[in-house]
Amino acid sequence: MDPILVVVLCLVVAVGTFAAVKFLDHLRRKDAESEAREIIRRAQQEMENRRREVELELKELAIQQKAEGEQELRQLREELHERDRMLDKRQDALEQQAEQLHKQEKIVEATQRKLTERIQDVNRRKEELAKLLDLQRQTLHELSGLSREEATKRLLEMLETELTQETGAMIARHEKRLAETCEERSREVMLTTLQRYAAAHTAETTTSTVDIPNDEMKGRIIGREGRNIRAFEKATGVDVIIDDTPGVVIVSAFDMIRREIARIALNKLIADGRIHPSRIEELVAETQKEMERHIQKLGEEACQEVEIHGLHERIVNLLGRLQFRTSYSQNVLRHSIEVAFLAGMLADELGLDGQLARRCGLLHDIGKAADHEAEGGHPKIGADLLKRYGECREVIHAAAGHHDDLKVENPYTVLVAAADACSASRPGARRETLERYIKRMEELEKIATEFPGVEQAYAIQAGRELRVLVSSKDTTDESAAKICRDIVRAFEERLTYPGEIKVTVLRETRYSEVAR
């Protein structure tokens, strides 16, 4: 073969190979650029998605922080409001103590002035007596002309007669002064005791307020066609008042335990947000159990405050119930604690057993916690309870006789009666109208529950309305109407009341099944 042809062929092959390599390199470079652009596009899209997620997380975090801040602000406002109430109470107590101290200072000043006048009167009488004796002695010596011995004898006889009369007068005067001293000493002991213990009294009311976050919550509490508020009033036996007052719902009932259960349950419903009849019944039942535990705790705290230990658990529970009982608007538990302290201090002043006196004072009104469960007045009921649960004779007698119903057998009954009178007679401690009102509410419910078929009865609207729940099994619609008329007739015959009383009888049939 021609060498030149071979060389040419080799050159052609080399050029072709070079061109192919360049073309393949160009293709690879173009693919790499496309892949790079695709990677960049994906990276930008992923970055955009991540940016949006971060923005959503930041918005959710901001909303959560705002809600937490609002909750903390609301809690701070509630704490400040509670502190303001406590400060007002303390200020009222200090003002009452200052007024009592001022009165006691006036009494002490008047007593000192009387003693000074009496001392001056006694000294003046002594001087007058000495002058009269000297004058009589001189006159007898000048007119009688008797000897010294005869004059002395006659003078002694006259002095003896006068001294006999003066002795009788002195005895009577000393007896009167002794009686005044005893009265003054007893008054001093009582004033010292009252000065050592001065408790503030607040009048109990028949309404409680519940704060709500906004006016929309009022509509949720009422519910569709009022079903929620009717279910709540039926379960708790209170009257829920919703008016134009912003941010407040009023719970009204004369029974303080019932009203407190309703207030706590309503607060739970507002906090929970799920307001419907079944949830209302569930929370009310749960709150009633919590109230029983709270009542037991109140009784234990009262025993600790008075330093009385070893009481039966039932007695402690009854003490706790006194927190929700009033006597002429005076809280009976606070009244019992005050009587315990006053009786203990009186016993200490007189040298008696202060611990036993405090025990007698704390338990003297225990019958008021169970007077709706037994016949008779609270002294007799309390004495029977204390005897049943192993209290000593002094405590039982103090409970039975602190209203002078029995012959006094020991000094602790007298001390409890005196302390009870002091506590009840404090200015502003009692209001008779509230006690009458509560008794009328109790009579309304008691009369209604006497009729057969009546399960529950609740007095609402300050006694202007009575709601009666009858059993659907034991009554019919016709018999429910008759029960309503009979209750109205019983009110007209047995009660005295202002205005009118509306009686509403509710008969309800419920059916429930469980899907499994």
Side-chain angles (χ1 to χ4, degrees), residues 204-210 218-219 221-245 248-263 265-266 269 277 280-281 284 288 324-326 329 372 431 433-472 474-509:
E204 300 291 347
T205 63
T206 58
T207 61
S208 298
T209 59
V210 177
K218 290 183 179 180
I221 293 173
I222 296 173
R224 182 179 300 175
E225 299 179 356
R227 64 172 188 171
N228 289 346
I229 192 171
R230 286 198 303 271
F232 186 83
E233 290 177 343
K234 178 182 177 182
T236 58
V238 303
D239 187 22
V240 180
I241 302 172
I242 300 179
D243 52 18
D244 297 334
T245 306
V248 170
V249 172
I250 299 175
V251 177
S252 175
F254 73 93
D255 191 321
M256 294 180 63
I257 296 181
R258 191 187 302 167
R259 187 172 75 247
E260 184 66 12
I261 291 174
R263 186 187 68 80
L266 188 55
L269 284 170
I280 289 171
E281 293 178 357
V284 169
Q288 288 173 346
F324 302 98
R325 176 69 189 264
T326 59
S329 82
H372 61 285
R431 270 205 316 269
T433 55
L434 181 60
E435 181 70 6
R436 290 178 179 174
Y437 161 73
I438 291 177
K439 286 187 177 297
R440 185 162 63 87
M441 299 298 100
E442 292 175 345
E443 288 176 354
L444 288 175
E445 295 186 354
K446 182 179 178 181
I447 291 174
T449 53
E450 291 175 355
F451 290 87
V454 175
E455 291 183 339
Q456 294 173 322
Y458 299 126
I460 60 175
Q461 293 288 352
R464 293 189 295 272
E465 182 178 355
L466 183 75
R467 293 183 182 173
V468 182
L469 306 180
V470 298
S471 172
S472 59
D474 301 334
T475 60
T476 62
D477 291 341
E478 291 76 16
S479 63
K482 183 178 184 301
I483 290 173
C484 185
R485 289 194 298 271
D486 293 341
I487 292 174
V488 170
R489 192 175 297 109
F491 287 169
E492 293 173 348
E493 294 174 355
R494 297 166 59 180
L495 293 180
T496 301
Y497 50 88
E500 299 176 346
I501 300 177
K502 177 182 178 182
V503 178
T504 303
V505 175
L506 304 176
R507 179 177 177 271
E508 182 182 25
T509 303

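Note: hydrogens, waters and symmetry copies are ignored here, and every other heavy atom, side chains too, is used. Quick note: residue numbers are just sequence positions, from 1.
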**By side chain to side chain donor-acceptor pair (under 3.5 Å) - contacts of Arg494 (at least two apart)** =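 Here the qualifying residues are Glu450.
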Measure the spacing between [atom1] of [X] and [atom2] of [Y] and express it to the nearest 0.5 Å.
X      : Y      : atom1 : atom2 : value
Arg440 : Glu443 : CZ    : CD    : 9.0 Å
Ile242 : Ile222 : CD1   : CD1   : 4.0 Å
Ile250 : Leu266 : CD1   : CG    : 12.0 Å

Which heavy atom of [X] sits nearest to which heavy atom of [Y], and what is that distance?
X      : Y      : value
Val470 : Arg507 : CG2-CB, 3.6 Å
Val468 : Ala448 : CG2-CB, 4.3 Å
Ile483 : Pro452 : CD1-O, 3.6 Å
Arg258 : Tyr458 : NH1-CD2, 3.4 Å
Pro277 : Asn228 : CD-OD1, 3.4 Å
Cys484 : Val503 : SG-O, 3.5 Å

Test salt bridge (charged side-chain N to carboxylate O under 4.0 Å, His left out) applied to [X] - qualifying residues, sequence neighbours left out:
X      : value
Glu508 : Lys234, Arg510
Glu455 : none
Asp486 : Lys482, Arg489

**Item:** Results of side chain to side chain contact (heavy atoms under 4.5 Å, CB included) for Glu492 - residues two or more places apart only
**Value:**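 In terms of side chain to side chain contact (heavy atoms under 4.5 Å, CB included), with neighbours along the sequence ignored, Glu492 is linked to Val488, Tyr497.
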**Complete:** Contacts of Arg230 meeting side chain to side chain contact (heavy atoms under 4.5 Å, CB included) (sequence neighbours excluded), chain-then-number -> Arg227
Hey, does the side chain of [X] reach the backbone of [Y] with a donor-acceptor pair shorter than 3.5 angstrom?
X      : Y      : value
Gln288 : Ile261 : no
Thr236 : Phe232 : yes
Glu281 : Ala235 : no

Under 4.5 Å between any side-chain heavy atoms of [X] and [Y], yes or no?
X      : Y      : result
Ile221 : Leu269 : no
Leu444 : Leu495 : yes
Val238 : Ser252 : no

